[in-house]
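Reading through the structure tokens given below for one structure.
Labels below follow one simple rule: chain letters A, B, ... track the order of the sequence lines, proteins then strands, and each chain is numbered from 1.
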Amino acid sequence: MNFKLLLKEMIKESLEKNFDLKTDLIPITYPEVKEFGDYASTVALANSKVLKKSPKEIAEKIVSDLSKKDYFSRIDIAGPGYINFYLSDKVLEEFIKKSISEENYGESDYLKEKNIILEYVSANPTGPLHIGHGRWAAIGDSIANLLKMCGAKVHREFYINDAGNQINLLRQSVEAVKNGKPIPENGYHGSYIEDVAKMDGDPVLNLLEMQKKTLSKFRVKFDNYFSELTLHKNGEVEKTIEFLKKSGHCYELDGALWFKTTEFGDDKDRVLIKSDGEYTYFAVDIAYHKNKIERDFNTIINILGADHHGYVGRITAAIKIFAKEMNKNIESKILIGQLVSLFRNGEPVRMSKRTGEMITLEEVIDEIGSDAARYFLVMRKADTPLDFDIELAKKQTEENPVFYVQYAHARISGVLRNIEKPDFITNSIIDNPEARDIAIRIARYPEVCLDSAINMEPHRITQYLEDLSSAFHRFYNQHRIITEDKMLTSKRLAIILAVRNVLKNGLKLIGVEAPEKM
RNA sequence: GCGCCUGUAGCUCAGCUGGAUAGAGCAACAGCCUUCUAAGCUGUGGGCCACAGGUUCGACUCCUGUCAGGCGCACCA
């Protein structure tokens with residue numbers, strides 16, 4: 001159950017009944033101050049103008065309606081017309097019970113209509129993954145988990161750019177090293193090229209395997225690796241261009257074929273076939289997106305690095321055109337993640353593949369561990385640039401938020417090891433402020449998951465987990481769990497079991513382990 | 001020059017889509033372990049929310065402009 005949405009619904013009904021007002025403008029917040037309740041709404045203030053009634057008057061009607069419901073121990077009207085809701089202990093206990101008994105507590109089906117293809121990482125197979133890829137991998141994987149949890153169908157895909165100039169250059173570079181010849185101009189350098197030269201088989205496949213290995217170490221999985229080459233082989237690029245020509249979205253100019261993306265919001269038209277007869281990268285990429293639509297996804301999400309954000313306009317325009325011509329309703333969203341700058345002891349580390357001085361994602365994982373790396377990369381909003389200092393991350397391991405959260409889980413597991421029969425009861429367990437604080441956070445977990453999924457902001461999960469952990473540590477410090485009083489022990493047990501389940505559940509969402517011991 | 005993103009405590013960042021007294025963590029200082037994990041807890045100090053206007057009963061949040069930083073502006077991929 002998502003209480004926030006339920007509350008919204010109840011207020012909505014009340015507004016309709018009393019004022020004949022249909023509105024979705026029903027803001028609900030988590031007050032920062034305890035005295036303002038568990039949930040607060042400014043709905044009366046927000047709608048006072050439209051209704052031409054005083055906020056107080058509106059608030060009173062709502063309070064009178066909602067007081068009849070069973071959920072609240074108290075509803076106050078405060079200040080100019082805030083409504084502050086206090087959940088009853090019974091409701092809170094219900095949440096605790098659910099969070100213990102339901103393994104996938106927090107799950108919902110709000111997004112069940114969505115059939116999503118989520119593309120992320122999609123690194124060129126011309127070198128090892130770096131920390132930037134790590135950020136998209138961590139964020140993408142977490143978003144996929146979140147969307148799934150909220151009922152969406154999610155297909156995770158990695159697009160392999162295994163065709164084109166860069167690939168040719170890579171092959172030539174490897175070949176040159178093999179034969180002891182100088183690497184061609186604009187070719188690939190770096191020690192990894194020498195490693196690849198020593199391996200048998202196709203360097204592109206070998207590099208792809210290396211990337212897959214790193215991703216699996218990072219616990220990031222894809223449902224499909226989609227090869228660009230197949231688009232060429234199946235003639236899909238050609239077909240796509242024919243399709244666009246026929247539907248009148250192309251024109252020729254200066255010996256090249258142009259795509260009128262400006263019709264759908266791009267700032268300039270784009271070339272599909274160059275005057276030398278070659279396809280552009282873009283031509284191939286839209287063939288890929290047409291393919292996505294043909295596979296019947298209704299939501300297309302791409303995660304791109306900020307260095308590719310110039311690409312957003314043309315690709316969204318292309319998707320719109322396809323959707324229109326193919327008579328489909330497609331929702332598309334391109335997430336732009338800001339770049340990661342890697343530092344070591346405050347000194348910037350170059351990430352260029354060409355210099356060979358790059359620190360790979362694999363090295364970072366080996367140095368600080370998957371858990372810390374994933375947590376670090378996911379805990380910041382994607383649209384802020386991230387300075388990632390390896391030494392600092394290592395040094396911070398002792399005071400890292402990830403350990404703080406994991407420690408809470410391990411602590412609970414430790415207590416449970418000291419109990420022979422972990423029987424718990426969920427009646428009248430909220431007998432102190434610390435327990436209540438935990439309970440209200442547990443109740444909010446499904447809401448946080450949904451908000452986090454809809455906004456595609458996994459950092460809200462880490463934020464939440466830290467808050468919940470903090471509430472637990474406070475509880476643990478104040479109250480002994482195991483005592484002679486069996487009844488009391490069973491009550492306390494319910495609280496910590498709930499915390500443990502939610503921590504485990506939340507950590508799983510972001511791909512971090514929940515250790516039994518630390 | 002144009003476009004996108006960012007600017008909040010000494011540092012790293014949140015701020016729930018316009019509401020109440022702007023919050024965490026780190027760092028600093030002072031306390032708390034004969035009892036379930038002290039990788040923990042409690043307390044203290046620390047703010048012109050980049051700046052200037054505007055909209056509003058109400059702005060960190062929306063609009064305009066300025067400044068600073070990052071990233072883009074190909075018949076490259």
Exercise for the section: Could you work out which one of B:G70, B:C16, B:G72 sits closest to the side chain of A:Asp451? Expected result: B:C16
Practice task
Using the test salt bridge (Lys or Arg N to Asp or Glu O under 4.0 Å), find all partners of A:Arg417 that sit at least two apart in sequence or belong to another chain.
Solution key: none
Problem - Phosphate contact (B:G23 OP1 or OP2) by A:Tyr30 side-chain N/O below 4.0 Å - result: no
Exercise for the section: Quick one: label A:Glu434 by what it contacts on the DNA or RNA (base, sugar-phosphate, nothing), any heavy atom closer than 4.0 Å. Expected result: nothing
Problem - Short side-chain N/O contact to B:C16 OP1/OP2 from A:Lys8, under 4.0 Å - result: no
Handout entry: Face-to-face stacking of A:Tyr82 with B:A20, centres under 5.5 angstrom, angle under 30°
Key = yes
Exercise for the section: I would like to know whether A:Asn455 and A:Lys381 meet side chain to side chain donor-acceptor pair (under 3.5 Å); could you show each step before the answer? Expected result: CA-CA 11 Å; A:Asn455 295 295; A:Lys381 226 173 21 181; over 6 Å; no
Exercise for the section: Report yes if a donor N or O on one partner sits less than 3.5 Å from an acceptor N or O on the other, where the partners are the side chain of A:Asn168 and the base of B:A77; otherwise report no. Expected result: no
Exercise for the section: For A:Phe282, answer base if it contacts any base atom (sugar-phosphate contacts may also be present), sugar-phosphate if it contacts only those atoms, and nothing otherwise; contact means non-hydrogen atoms under 4.0 Å. Expected result: nothing
Exercise for the section: Return the stacking result for B:A20 and A:Phe36: yes when the ring centres lie under 5.5 Å apart and the planes under 30°, no otherwise. Expected result: yes
Problem - For atom CG of A:Asn432 and atom C1' of B:C41, their distance in whole Å - result: 15 Å
Problem - Separation of the P atoms in B:G70 and B:U64, to the nearest angstrom - result: 24 Å
In a table with atom names and distances, give each donor-acceptor pair under 3.5 Å that connects a side chain of residues 25-35 of chain A to protein atoms at least two apart or in another chain.
from	atom 1	to	atom 2	distance (Å)
A:Tyr30	OH	A:Glu447	OE1	2.4

Handout entry: A:His308 (side chain) and B:G72 (base): donor-acceptor pair under 3.5 Å
Key = no
Exercise for the section: May I ask you to say what A:Asn161 touches in the nucleic acid, namely base, sugar-phosphate or nothing, with a heavy-atom cut-off under 4.0 Å? Expected result: nothing
Problem - Gap in Å between the two P atoms, one belonging to B:U12 and one to B:G7, rounded - result: 12 Å
Exercise for the section: Nearest whole angstrom, please: distance from the P of B:G70 to the CD of A:Gln338. Expected result: 12 Å
Problem - Side chain proximity check, A:Gln338 to A:Thr384, heavy atoms < 4.5 angstrom - result: no
Practice task
Can you figure out which of B:C41, B:C75, B:G19 approaches the side chain of A:His473 most closely?
Solution key: B:C41
Exercise for the section: Look at A:Ser413 and B:C36 and indicate whether a side-chain polar atom (N or O) is within less than 4.0 Å of OP1 or OP2. Expected result: no
Handout entry: Base orientation of B:C29, syn vs anti, 90° cut from 0
Key = anti
Problem - Side-chain donor/acceptor contact of A:Thr280 with base of B:C75 under 3.5 Å - result: no
Practice task
Could you tell me which residues satisfy ring pair (Phe, Tyr, Trp, His ring centres under 6.0 Å) with A:Phe158, sequence neighbours excluded, listed by chain and number?
Solution key: A:Phe222, A:Tyr225
Completion exercise
For A:Tyr82, the ring pair (Phe, Tyr, Trp, His ring centres under 6.0 Å) test, sequence neighbours excluded, returns none
Practice task
Could you summarise the pairing of RNA chain B as dot-bracket text, marking Watson-Crick and G-U pairs under 3.5 Å with ( ) or [ ] inside the strand and | across strands?
Solution key: (((((((..((((.....[...)))).(((((.......))))).....(((((..]....))))))))))))....
Problem - Distance test, side-chain N/O of A:Arg411 to OP1/OP2 of B:A38, below 4.0 Å - result: yes
Exercise for the section: Would you tell me if any nitrogen or oxygen in the side chain of A:Lys268 comes within less than 4.0 Å of OP1 or OP2 on B:C2? Expected result: no
Exercise for the section: Kindly write out the residues that satisfy ring pair (Phe, Tyr, Trp, His ring centres under 6.0 Å) with A:Phe95, not counting sequence neighbours, or none if the list is empty. Expected result: none
Problem - Distance below 4.0 Å between A:Lys274 side-chain N/O and B:C76 OP1 or OP2 - result: yes
Problem - In B:U17, glycosidic geometry as syn within 90° of 0 or anti otherwise - result: syn
Exercise for the section: Check whether any side-chain N or O of A:Asn400 sits under 4.0 Å from OP1 or OP2 of B:C26, and answer yes or no. Expected result: no
Fill in the blank from the handout: Separation of B:A14 atom C1' from A:Glu32 atom CD, nearest Å, is 10 Å
Exercise for the section: Under the side chain to side chain donor-acceptor pair (under 3.5 Å) rule, what do A:Gln166 and A:Asn161 come out as? Steps first, then yes or no, please. Expected result: CA-CA 9 Å; A:Gln166 297 305 316; A:Asn161 296 126; over 6 Å; no
